[in-house]
Peer 1: 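Just passing along the structure, written as structure tokens.
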Amino acid sequence: MEETTINKRVARLIEALDISQNVFAKALSTSSSRVSNIVTGRNKPDSDFLAEVLRVFRSVNPMWLMTGEGNVFGSSDTLKSASTQNPNATSDTNSTNPATPIAQVNAQVNAQVIPKDKMNRVPEPVHLTPSTPTDARRLAEHFDVRELATSHESPWGNGTDIIVATQDTEGNPTFSLINYKAAANYLTGYQSQEYYSDLAPISLPRQLVGNPRQGIVLQIEGDSMTPRFQHGDYVAAILLDRSEWGQIRDLDCYVVVSHSHGIQFKRIKSRLKQFGFVRCKSDNRRHTPYNIEEEDLIQLFRFVLHISPDASNTDETLFNKVESIEERVEDQRDMYEQLSQRMEDMQRLLQQQLPPTTK
């Protein structure tokens with residue numbers, strides 16, 4: 001029977017594995033209520049849930065899970081070890097063998113599940129490499145994937161790795177941490193899997209950053225965005241699709257990636273529709289604004305969160321300066337009053353020393 005919806009395919013997978021929803025939820029480090037809501041059709045599974053299914057149960061056919069095409073467990077039988085031990089097992093890969101001992105099935109499942117000592121670690125990304133552009137497009141239609149494209153014109157180039165955004169065990173999105181060193185190599189590495197494999201993942205609360213398709217945490221270098229953003233601060237930003245570039249709001253902060261300037265954190269004014277460029281501005285007026293042509297732009301990330309290890313009170317510094325000025329003005333006022341008093345005393349003294357006038 002063909003499972004027409006993703007919810008039905010998740011339910012079918014649990015049935016094929018011959019495990020309970022609770023066991024399935026534990027294997028994915030998620031709640032049983034979440035799995036129940038998906039199986040009953042109340043909620044749809046998001047891309048991160050499906051990515052975790054493919055990462056934990058590695059024998060599951062990704063194309064079947066996403067589109068319903070093919071077999072549950074690829075070209076092999078449902079559970080090879082079970083069917084081998086039972087010569088009467090059917091060759092239909094979409095059906096389980098009722099004669100299979102539950103212990104054998106559980107052993108097969110346990111072999112695919114993450115060890116318990118690693119259950120709380122941030123999961124590694126799932127890598128799907130479609131054999132053909134057609135397969136890639138089918139996956140893209142059914143699965144919110146993040147791809148490392150070889151070019152903007154042909155995002156599904158030969159051998160393109162598709163990286164699925166992951167979540168931590170609490171369902172929060174993980175961002176790639178790009179420090180000074182990684183930022184220097186971003187242009188040469190952002191299209192390669194090795195570059196992202198070396199980046200430390202950082203989990204951020206979904207209540208603050210949402211559930212982005214791709215996110216980065218960039219370490220700020222220099223003083224171009226002072227005083228608000230200091231050297232060494234971190235900014236979290238989410239990737240914008242090119243179709244979203246027309247929605248840029250002037251003077252909002254963005255991580256701008258371009259061939260000419262590398263990766264920068266700036267406030268931008270969009271003039272893409274009128275003149276085909278964006279103007280990048282710094283908060284520090286000593287840094288001159290500059291324009292980046294649209295064909296020079298590679299990526300735009302919208303700023304969502306500021307993370308700073310600096311606990312100094314910039315408002316207090318400003319207050320101290322104002323207070324210092326006020327004190328100086330007060331000192332000047334006191335000096336003026338003292339001088340005025342002395343002048344009055346001198347005038348009275350002179351009047352006393354002058355001889356009286358005769359009529």
Side-chain angles (χ1 to χ4, degrees), residues 1-116 118-119 123-124 126-128 130 135 138-145 162 164 166-167 169-171:
M1 181 181 66
E2 181 181 359
E3 291 77 18
T4 56
T5 67
I6 188 68
N7 300 73
K8 291 181 178 180
R9 288 194 290 275
V10 171
R12 175 71 184 91
L13 175 60
I14 296 174
E15 179 186 347
L17 292 170
D18 197 11
I19 57 177
S20 67
Q21 292 183 19
N22 288 337
V23 173
F24 187 74
K26 278 187 177 180
L28 300 179
S29 299
T30 190
S31 65
S32 56
S33 60
R34 184 185 184 191
V35 172
S36 176
N37 288 337
I38 290 173
V39 169
T40 58
R42 182 176 181 181
N43 296 332
K44 279 192 174 183
D46 58 20
S47 59
D48 303 296
F49 178 89
L50 297 175
E52 188 70 355
V53 170
L54 294 175
R55 188 179 72 87
V56 174
F57 302 100
R58 298 185 182 275
S59 62
V60 174
N61 179 0
M63 188 63 70
W64 172 83
L65 184 62
M66 262 41 98
T67 69
E69 298 180 12
N71 300 316
V72 180
F73 296 99
S75 59
S76 61
D77 289 340
T78 304
L79 295 174
K80 288 184 178 180
S81 60
S83 62
T84 301
Q85 296 182 18
N86 184 358
N88 297 323
T90 175
S91 61
D92 181 5
T93 58
N94 282 331
S95 62
T96 53
N97 182 4
T100 302
I102 186 65
Q104 295 178 2
V105 178
N106 286 336
Q108 178 72 13
V109 173
N110 291 334
Q112 303 176 73
V113 176
I114 310 172
K116 290 183 178 179
K118 298 182 180 180
M119 192 67 75
E124 295 291 330
V126 174
H127 309 288
L128 306 176
D135 288 342
R138 286 176 180 172
L139 285 176
E141 290 171 358
H142 291 81
F143 195 25
D144 182 17
V145 297
I162 300 177
V164 180
T166 59
Q167 294 179 338
T169 55
E170 301 299 325

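Source: prediction; values computed, not measured. Basis for what follows: all heavy atoms, side chains included, without hydrogens, waters or symmetry-related copies.
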Peer 1: What I'd like to find out is whether the side chain of L54 reaches to under 4.5 Å of the side chain of M66, using heavy atoms alone.
Peer 2: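 Yes, at least one pair of side-chain atoms sits under 4.5 Å.
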Peer 1: With heavy-atom distances below 4.5 Å as the criterion, would you say the side chains of V60 and F73 are in contact?
Peer 2: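 When only atoms from C-beta onward are counted, F73 and V60 do touch, with a gap below 4.5 Å.
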Peer 1: If I compare all heavy atoms of G41 with all of N7, which pair ends up nearest, and what's the gap?
Peer 2: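 G41 and N7 have their closest heavy atoms at CA-ND2, 3.6 Å.
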Peer 1: Restricting to non-hydrogen atoms, name the atom on N61 and the atom on E69 that form the minimum distance, rounded to 0.1 Å.
Peer 2: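 Minimum heavy-atom contact is ND2-O, 4.0 Å.
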Peer 1: How many angstroms lie between atom CD1 of I19 and atom CZ of F57, to the nearest 0.5 angstrom?
Peer 2: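 Result: 4.5 Å between the selected atoms.
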Peer 1: Show the nearest heavy-atom pair for residues W64 and N71, with the distance to one decimal.
Peer 2: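 Nearest pair, atom of W64 first, then N71: CB-O, 3.2 Å.
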Peer 1: Can you list everything that forms a side-chain hydrogen bond (donor to acceptor under 3.5 Å, both in side chains) with S31? Sequence neighbours excluded, please.
Peer 2: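 Per chain and number, S31 pairs via side-chain hydrogen bond (donor to acceptor under 3.5 Å, both in side chains) with S33.
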Peer 1: Can you measure from OG1 (T40) to CD (Q21) and round to the nearest 0.5 angstrom?
Peer 2: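 That separation rounds to 8.0 Å.
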Peer 1: I want to check something: taking the side chain as every heavy atom from C-beta on, are L50 and I6 in contact at a cut-off of under 4.5 Å?
Peer 2: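 Yes. Closest side-chain heavy atoms under 4.5 Å.
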Peer 1: Taking only residues two or more places apart in sequence or in another chain, which ones pass side chain to side chain contact (heavy atoms under 4.5 Å, CB included) with A25?
Peer 2: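 Side chain to side chain contact (heavy atoms under 4.5 Å, CB included) check on A25 returns T30, S32, V35.
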Peer 1: Do V39 and I14 make a side-chain contact, defined as non-hydrogen atoms from C-beta onward lying under 4.5 Å apart?
Peer 2: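 V39 vs I14: side chains touch.
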